[in-house]
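Only one structure is covered here, and it is reproduced in the block below.
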Amino acid sequence: MSLSWISQDLPQPFDAERVANAFERWNALGDRPAFESLASKIGDIASDPQSKAVLAALFGNSPYLTNLCLRDPDIVCEVFESGLDHAFATALDPVRQSADARDLDQATTMSTVRKAKRRAALVIAMADICKAWPLDKVTSAISETAETTLDFTMAHCLCAMARQRKYDLPNPQNPLEGSGIFAIGMGKLGAGELNYSSDIDLIFLYDQDVVTYLDEDRLQQDLVRMVRDITRVMEERTGDGYVFRTDLRLRPDPASTPPILSMIAAETYYETVGQNWERAAMIKARIVGGDRAAGNEFLEILRPFVWRKHLDFLAIQDIHSIKRQINAHKGGSKINIPGHNIKLGRGGIREIEFFAQTQQLIWGGREVALRGKATCDTLRALTKFGQVSEEVRDEMLAAYEFLRTVEHRLQMINDQQTQTLPDTDDGLRALATFLGYATLDAFKDHLLLHLRNVENNYAELFEDDTPLTGDSTTGNLVFTGTEDDPDTLANLREMGFENAENVSVTVRGWHHGRYRATRSRRAREILTELMPTLLGALSKTTNPDMAFRAFDEFLKGLPAGVQLFSLFTAHPELLELLAQIAGTAPRMAKYIGRNASVLDFVLMSGFHEELPDADSMLAELDARLSREDMVEDWLDVARRWANDQKFQIDVQTIQNRQTPHEAGRALADVADVAIRALFPRIADDFAAKHGTFADGGLAVFALGKHGGQELSPGSDLDMVFIYDVPEEAEESDGEKPLSPGHYFIRLSQRYINALSAPTAEGVLFETDLRLRPSGSKGPLATHFKSFEAYQNNEAWTWEHMALTRLRPVYGPQSLCDKVIATTTAVLRKERDPDQLVRAVYDMRNRMEAGKGDNHPWAIKMRRGGLVDLEFIAQYLQLRHAHDHADILSPTTRDVFKRLGTAGILENDEAEFLANAGSFWLALQAMLRLTTEGPFDPARASTDLQQMLARAGKCDDFASLQDKIETTATRIKTIYDRIIADPAEKVSPPETTQ
């Protein structure tokens, strides 16, 4: 056999010692019984100058190929005796007939396909190193090896499933034919361009109309098991090595779908949420295993998805957005050869493939000649089509051949799936030698030439594109495909994202349409355009990872995306605001996710200005409600208006545009306005059926923080309903009359529903009526005389404490005046000081036992916190209002100021307590806006720590923590002096009132 196929410029051995050792082992092979018949051939190969030079090139540069030669010397002999083509065919002969796998057990199947793969791999390597085969034949042979071994493996696994009486094989003599189960080869396997140690990208599908299964309920489960068996046979390492590593991540939405899908499920996915990068991937799709007829039918069904009949300008915009996310440079940029990734790095193989595929996507729908799978063929076709010049084509083809050859040599050394150049000069010299270069500098010069050519030609695609961020120095932000882009990960880390891999995976999930907001193609295309701006905004927060997670939660809650994403595109300042909220107030971000329309309100003039007063707000809400006629519409309008106002207050709070005292007053005003605007309409609607009473009516009073106009974000409204009618009134005057008690209880229920019933616009306010007379056991609405009698004769001391914060919100003025007069009289009663202080003290202790929390940040319940502060104010009012009526006020801060003016407290102590109340309320409001669950300072972002410090009027977080402790300690000291110490001197009564 002529050896003319051996190149005259074979690579020189890099490691002479390895060569000598390998030849010693090679010559000893003839003495082994297994190779006795080959002894003379083994000796002849080692002594012939040409064949010896080939082995020396293998032995001196590749430990992996050395081991293959020593393991299978017969295939080496076959190469030199019968030629490369014959030897390659011989290597695959045992697995060429898939029917031969029918009766094999799994162990024999695994051994058979592994032996065939390694023998074929050795022949291919020899052909490549000797330059006997061109690049396309080398990659085609590797692809044929993968396809043939996969077919054999699938036939074995199908037959194994059939033997278990689960699957009815249509053609037992040819198991794959008509089976309805097939594998689509993607990427380089689909294009017939596999690299030497490549993974194979596969999508497994089955035709639900063809597969005949004995137990339909277990079909999916057993098919999944079969696919797992196929991948195990292909990639598990045994004593015989492995066949090919398999990658199933190119299937539709791999994070949420099984390893094998039905054709209809895959078709539905591509038609609804298929992305443009998936269209690009499908260009190379080819049936490489199983039922070819069913598989090709599926690819034909998918053809309109891949190749758009008409030029799709939205798709072009999306493709350009993807391009513009890539940091394309044109000449002059520094490429560091040690450690450079020749596939994914600048000027690498991916850029050549992307150069071809993007133009295929745009023009291939109209020009059938541009639908080729192979990269080089596509480049030639693009030149014929007039899209690529001959010079650029030749440069890209030369670079592709060169880089793919470098890739193969890298992988041949130790059979590693790598495209990264060695990071040491010694490693680079070894690679350069294996490639046939006499010096490392000569290799570097050639490498840089090709990388520069690719880089410049690739950048031509971007010449008309302005970078999405408006900053040409911004690095890659690419989230297509299934692999993390190395430059993107590096750029994300530089932007401040510690978990760059999580960001990359999550963004790819958005593009898979896993959230409702990203299910439409248009939404995903706009999101692609927004991505650099979005990530840039999130990166400006002090904890970008937390901000990103909060934005992901926001996105998850959105019902739709196109309108909002378009809004962000038109108003990028909204993204800045959302990023700030996501980074510091995840609860607010979740609210926006459920109520995205609130962002429209942000754009209205005045959003960042001083909040309007209650009268102005009432006029606005009245005007809106007047345009509606139905109760349901009133409720929705009121909710939209109130939620907008609450959001504005919350935003201004986290931006430190107003004090928490002002925010609490504003939130109380919103609640008051909603009640005053809604309740008259609810009352009129109720009266239309049940009539009214000639005199009297129903009044609404606020208690607790609502009464004190100190509401915090998310606070309930503590309320009490009181009505009055003339004594002679027996029933209302409507079509369906009701007795007074029944009438006002039902009307009160309507009022409560108007506030707290959920509608499409959410809930207006949650309500709490447990502070009404007799608590939850009492009626919803209380007659004035019953209220008066209860407060004078039955109410407990703690109920009078709560009464200090009663404030009228809505109702007949005369009734409101009567209730306030009664309340004032009750609060001004002269009381036994000992019994009072003991009752207050015992009440606080019961709260401590039931709800106590001494965590430093348990602002309400900790000792020295809000409850202790409020107990001081309420006790002193009950203790001294008899002589000092002017100390009564529903607002705690005002109470302390009045106590100082009255001389009941020293002025400095009164001022301290008033400021302490504002301090606690400020922290409570900020924590409610920004955290969920107990606050852990160790896990708080720097942004949040700074916000809390500003809210507490401190220079930094450490000072804030000190202020918390000193404030609580002093409040507790005052509480003990005024309440605890005197109370402990009084014997506890049998019943505390």
Side-chain angles (χ1 to χ4, degrees), residues 98-99 143-144 146-148 150-155 157-159 161-162 166-192 200-213 216 219-220 222-224 226-227 230-231 246 248-254 257-276 278-309 360-361 364-365 368-374:
S98 58
S143 303
E144 182 183 346
E147 187 172 351
T148 306
L150 177 64
D151 252 346
F152 194 85
T153 300
M154 288 186 69
C157 292
L158 271 171
C159 292
M161 191 166 66
K166 293 179 177 179
Y167 178 68
D168 185 11
L169 273 177
N171 185 357
Q173 300 306 312
N174 188 350
L176 300 179
E177 184 179 339
S179 65
I181 297 170
F182 55 91
I184 304 175
M186 304 292 288
K188 289 185 169 65
L189 174 58
I200 54 175
D201 294 302
L202 299 173
I203 297 175
F204 286 97
L205 300 177
Y206 67 93
D207 186 340
Q208 64 284 341
D209 296 327
V210 171
V211 173
T212 305
Y213 210 70
E216 286 293 330
L219 171 61
Q220 183 71 45
D222 287 335
L223 286 177
V224 166
M226 182 197 71
V227 168
I230 292 170
T231 58
T246 58
L248 307 184
R249 291 177 298 167
L250 283 179
R251 71 184 186 274
D253 198 4
T257 57
I260 181 169
L261 298 170
S262 68
M263 282 172 52
I264 190 66
E267 181 185 351
T268 301
Y269 170 85
Y270 289 119
E271 286 180 351
T272 54
V273 295
Q275 300 171 59
N276 280 311
E278 289 175 302
R279 288 176 59 207
M282 275 292 169
I283 290 174
K284 296 181 181 292
R286 179 171 61 91
I287 306 305
V288 295
D291 186 344
R292 261 66 177 178
N296 286 319
E297 180 184 335
F298 175 76
L299 291 183
E300 184 61 24
I301 291 171
L302 217 59
R303 185 170 54 81
F305 164 72
V306 182
W307 306 113
R308 302 286 168 84
K309 186 174 181 180
Q360 280 183 287
L361 276 186
V368 176
L370 294 179
R371 298 182 185 180
K373 301 183 188 306

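None of the values given here were measured: they were computed from a predicted structure.
At a threshold of 4.5 Å between non-hydrogen side-chain atoms, the residues Ile260 and Ile181 count as touching. Looking at heavy atoms from C-beta onward, Leu176 lies in side-chain contact with Asp151 at the 4.5 angstrom threshold. Using a 4.5 Å cut-off on side-chain heavy atoms (C-beta onward), Ile283 and Trp307 make contact. Using a 4.5 Å heavy-atom cutoff, the side chains of Met186 and Arg249 are not in contact. Contact check for Leu150 versus Leu202: side-chain heavy atoms found under the 4.5 Å cut-off. Considering only heavy atoms from C-beta on, Met154 stays 4.5 Å or farther from Phe182 through its side chain. Residues Leu219 and Tyr206 have side chains in contact (heavy-atom distance under 4.5 Å, counting atoms from C-beta outward). Residues Arg251 and Phe204 are not in side-chain contact: their nearest non-hydrogen atoms beyond the backbone lie 4.5 Å or more apart.
Nearest heavy atoms, Glu147 versus Ile287: OE2-O, 3.9 Å. In terms of heavy-atom proximity, Val288 sits nearest to Gly185 at CG2-N, 3.4 Å. The two residues Gly187 and Lys284 have their closest heavy-atom pair at O-CD, 3.4 Å.
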### Message
Could you go through Asn174 and Ser98, starting from their C-alpha distance and side-chain angles, then the distance that decides it, and tell me whether this counts as side-chain contact (heavy atoms from CB on, under 4.5 Å)?
### Response
CA-CA 7 Å; Asn174 188 350; Ser98 58; 4.2 Å; yes

#### Entry: side-chain contact (heavy atoms from CB on, under 4.5 Å) evaluation trace for Arg279 with Gln360
CA-CA 10 Å; Arg279 288 176 59 207; Gln360 280 183 287; over 6 Å; no

#### Entry: Verdict with reasoning, Arg286 to Leu189, per side-chain contact (heavy atoms from CB on, under 4.5 Å)
CA-CA 8 Å; Arg286 179 171 61 91; Leu189 174 58; 4.3 Å; yes

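Annotation: the span from Glu297 atom CD to Asp291 atom CG amounts to 9.0 Å, rounded to 0.5 Å. Leu158 CG to Met226 CE: the interatomic distance, rounded to the nearest 0.5 Å, is 5.0 Å. Of the inter-residue distances, the one linking Gln208 atom CD with Met263 atom CE reads 6.0 Å to the nearest 0.5 angstrom. Going from atom CD1 of Ile301 over to atom CD of Glu267 covers 5.0 Å, rounded to the nearest 0.5 Å. For the atom pair CD1 of Ile264 and CG of Leu205, the computed distance is 11.5 Å after rounding to the nearest 0.5 Å.
Between the side chain of Thr257 and the main chain of Pro252, a donor-acceptor pair closer than 3.5 Å is present. For the pair Lys373 (side chain) and Gly190 (backbone), a donor-acceptor distance under 3.5 Å is absent.
The pair Glu177-Arg292 does not count as a salt bridge, with every side-chain nitrogen at least 4.0 angstrom from each carboxylate oxygen.
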